[in-house]
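To start, the structure itself, in structure tokens.
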Number of protein chains: 2
Amino acid sequence: MRKPTLEEVAIEAGVSKMTASRALRGVADVSSETRDRVIEAATRMNYVGNRLALSLSSQRTNLVAVVVPSMSNIVFPEVLAGISAGLDGSGMQAVFGISDYDMAKEREIIRDMLSWQPCAIIVTGLDQPEETVELLRHANIPVIQLMDLDGTPIDFNVGLSHGAAGENMAEALIAAGRRRFGYVGSALARDLRARKRKAGFERVLHAHGLGFAGQRTDDVFSSIALGKQLTTSLLAAVPDLDCIYYSNDDMASGGLFACMELGVAVPDKMLIAGFNGLDLVNSLPAPIATSRSPRRAIGEAAAQLVRQAVGIGREPMRKTIVFKPTIVGIDG
Amino acid sequence: MRKPTLEEVAIEAGVSKMTASRALRGVADVSSETRDRVIEAATRMNYVGNRLALSLSSQRTNLVAVVVPSMSNIVFPEVLAGISAGLDGSGMQAVFGISDYDMAKEREIIRDMLSWQPCAIIVTGLDQPEETVELLRHANIPVIQLMDLDGTPIDFNVGLSHGAAGENMAEALIAAGRRRFGYVGSALARDLRARKRKAGFERVLHAHGLGFAGQRTDDVFSSIALGKQLTTSLLAAVPDLDCIYYSNDDMASGGLFACMELGVAVPDKMLIAGFNGLDLVNSLPAPIATSRSPRRAIGEAAAQLVRQAVGIGREPMRKTIVFKPTIVGIDG
DNA sequence: GTGAAAGCGCTAACAC
DNA sequence: GTGTTAGCGCTTTCAC
């Protein structure tokens with residue numbers, strides 16, 4: 001039992017394919033009587049339109065391709081939720097791919113998605129290899145690069161400067177009187193934005209004649225458990241730190257739990273600083289510092305850019321949307 | 001500057017469309033010399049195949065539609081990551097939609113996705129309204145229902161029994177000597193699986209002549225902050241509880257933080273029990289009980305089912321894959 | 001090993 | 001207000 005086609009619906013309703021098409025889409029003039037008959041027939045036959053044919057024929061799709069590096073912490077799911085919500089009501093549909101922070105895999109996913117002829121593509125970061133950039137350029141659709149502003153965008157760019165985020169955090173911590181800094185991170189080889197934050201942080205430390213008195217990193221991806229473990233190890237080796245900067249809030253929360261277990265007073269003796277501003281951080285048993293990144297808003301802004309870019313207007317658009325993270329959790 | 005078509009590549013390589021198609025797909029016999037010439041031309045012209053045309057023509061797609069209710073905690077992103085990973089190498093591509101726990105929205109998303117002619121569809125839960133079930137039935141593709149086993153599946157079913165999870169947790173807590181129970185939950189009107197866990201939990205309480213001595217729920221979605229707030233409120237009203245069951249681990253973690261703030265000893269005076277077995281729970285400063293649900297494994301199992309179901313074999317397949325959560329975090 | 005013809009299910013453009 | 005013709009870019013089928 002094959003699925004009914006538009007033609008079968010049309011025959012059932014006693015009209016031509018074209019009239020049925022117009023009635024179902026609600027375009028142009030179709031007598032309300034005819035329209036009702038077509039819609040009735042379609043409903044009765046459980047007709048579901050074939051978007052492959054629709055898009056091939058009309059030479060446009062409602063697909064927005066989105067590639068994110070990971071789904072293993074809440075950050076990118078929130079971005080996706082923002083994109084999905086921002087696209088609601090536009091008739092457009094997001095299609096997601098996960099690259100696992102793997103540049104080669106990202107390229108293959110992008111190639112695959114482009115073959116579906118999306119009307120726009122959203123990718124994470126500004127540091128795609130040249131071959132991937134070429135692929136994106138030749139697609140002739142709006143390309144939106146998310147999250148990071150430190151680099152040269154292909155087309156549109158929505159996010160924040162991770163270098164500046166690291167710098168600002170270092171300045172705030174120094175202003176709060178901290179001097180003996182440690183660093184705890186993960187997967188820095190793959191997570192370029194974490195690396196940019198660390199680099200920014202160190203630039204400011206060096207400008208003040210300071211540096212990291214100790215650090216711990218690992219190649220696996222960030223988690224609370226890893227943050228706890230690396231912090232315990234770091235404090236065993238360098239006990240006299242008064243502040244630790246983490247690659248993100250997951251790691252920082254683990255750091256807090258390590259300090260609690262070791263009896264290190266947070267924030268009095270040790271200030272813990274992360275990045276993201278996760279919901280988690282607001283409820284933790286001791287305050288930790290973090291830069292609040294508007295993840296959902298970044299997703300929504302990207303969706304708005306897509307809507308404008310594929311819209312009829314084509315009026316001049318802002319090419320870059322800058323978000324500035326707010327630092328929270330530092331007293332004095 | 002339009003994108004090159006297969007025909008243009010074929011002309012460039014001096015062969016027919018058909019030969020170019022075969023060369024690019026690596027099917028049938030094409031002389032290696034011809035093949036190289038075609039591939040060279042395609043690469044030089046930045047040719048990206050048009051899957052709309054491919055799928056329309058061949059009457060099959062590589063799309064697997066997936067609908068999840070939410071992206072606002074880590075649970076469903078992990079399921080999606082499992083599906084995505086499980087599909088890797090199959091040539092199939094997952095397409096995600098978010099229903100926001102809204103049945104009407106879910107139906108529209110499913111309708112929309114079906115119009116892309118996916119080769120299989122994965123949805124969350126067993127409690128779709130009749131109209132949605134009809135839609136899925138008429139699609140004539142494998143339908144996989146995820147997460148929940150308490151109900152009648154349309155086709156394939158992968159997950160765990162939430163009723164049993166609630167029952168088992170209640171039994172374990174009673175066996176551990178707890179008697180004065182409280183409940184803290186959120187969005188129970190929408191989150192049917194949380195409701196099933198609560199119902200199972202209460203069945204066992206009643207069988208033991210017990211019940212909830214107090215409860216707090218709210219309509220907003222679960223979060224650590226909400227768990228903390230509701231727990232504080234519950235303990236103000238009913239201070240003599242010795243155990244609180246939460247709708248999930250996010251809420252339970254908030255409950256732990258509330259207890260810490262109030263100076264209530266966990267787990268000695270108060271046992272905190274959640275659901276999911278999040279990574280977070282293992283690192284918390286005090287042990288809380290939880291049922292560990294294999295979210296990623298459920299996603300991977302669903303992907304395996306899809307691979308088999310759309311595979312050529314069509315040998316008899318298991319229709320249901322049962323996972324059993326393990327309870328952790330209860331001593332004695 | 002390669003090519004020509006037909007057609008997938010729909011819409012655009014134009015006619016009536 | 002409705003129908004006709006042509007064609008989107010590819011694969012299938014069959015011929016050579």
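Chain letters run A, B, ... following the sequence lines, proteins first, then strands; residues in each count from 1.
Remark: A:Arg295 pairs with A:Glu78 by the salt bridge (charged side-chain N to carboxylate O under 4.0 Å, His left out) rule, at least two apart or across chains.
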Report task. Give the intermediate values and the outcome of salt bridge (Lys or Arg N to Asp or Glu O under 4.0 Å) for residues B:Glu12 and B:Arg37. Result -> CA-CA 9 Å; B:Glu12 188 73 15; B:Arg37 220 171 49 246; over 6 Å; no
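Nearest approach of A:Asn157 to A:Gln145, heavy atoms of both residues: ND2-O, 3.0 Å. When all heavy atoms are compared, the tightest approach of A:Val133 to A:Gln128 is CG2-O, 3.7 Å.
Relative to the axis of its first five pairs, the axis of the last five pairs of the helix from C:dG1-D:dC16 to C:dC16-D:dG1 sits at 30°, rounded to 10 degrees.
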Check residues 47-58 of chain A and write down every donor-acceptor pair under 3.5 Å in which the side-chain atom is one partner and the other belongs to a residue at least two apart or another chain.
| unit_1 | atom_1 | unit_2 | atom_2 | d |
| --- | --- | --- | --- | --- |
| A:Asn50 | OD1 | A:Leu52 | N | 2.8 |
| A:Asn50 | OD1 | A:Ala53 | N | 3.3 |
| A:Arg51 | NH1 | B:Ser115 | OG | 3.4 |
| A:Ser55 | OG | A:Arg51 | O | 3.0 |
| A:Ser55 | OG | A:Arg60 | O | 3.4 |
| A:Ser58 | OG | A:Leu54 | O | 2.8 |

Under 3.5 Å, which donor-acceptor pairs link side chains of residues 80-97 of chain A to any protein atom two or more places apart or in another chain?
| unit_1 | atom_1 | unit_2 | atom_2 | d |
| --- | --- | --- | --- | --- |
| A:Asp88 | OD2 | B:Lys105 | NZ | 2.9 |
| A:Ser90 | OG | A:Leu87 | O | 2.5 |
| A:Ser90 | OG | A:Met92 | N | 3.0 |

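Near DNA chain C, meaning a heavy atom under 4.0 Å away, the residues from residues 29-42 of chain B are B:Asp29, B:Val30, B:Ser31, B:Thr34.
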Report summary line: Once base and sugar-phosphate atoms are separated, protein heavy atoms under 4.0 Å mark nucleotides 9-16 of chain C, 5' to 3', with B, S and - as BBBBB---
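Ionic pairing of B:Arg107 and B:Asp102 is not present here: no N-O contact between side-chain nitrogen and carboxylate oxygen is shorter than 4.0 angstrom.
Expressed to the nearest 0.5 Å, how far CD of B:Glu33 lies from CG of B:Asp36 amounts to 8.0 Å.
Contact between the side-chain N/O atoms of B:Ser16 and the OP1/OP2 oxygens of C:dT2 is not found at any separation under 4.0 Å.
In this structure, the CG atom of B:Leu24 is 16 Å from the P atom of D:dG9, given to the nearest Å.
Under 3.5 Å, the side chains of A:Arg35 and A:Ser31 contain no donor-acceptor pair of N or O atoms.
Within the 4.5 Å cutoff, the side chain of A:Pro118 has no heavy atoms near those of the A:Val64 side chain.
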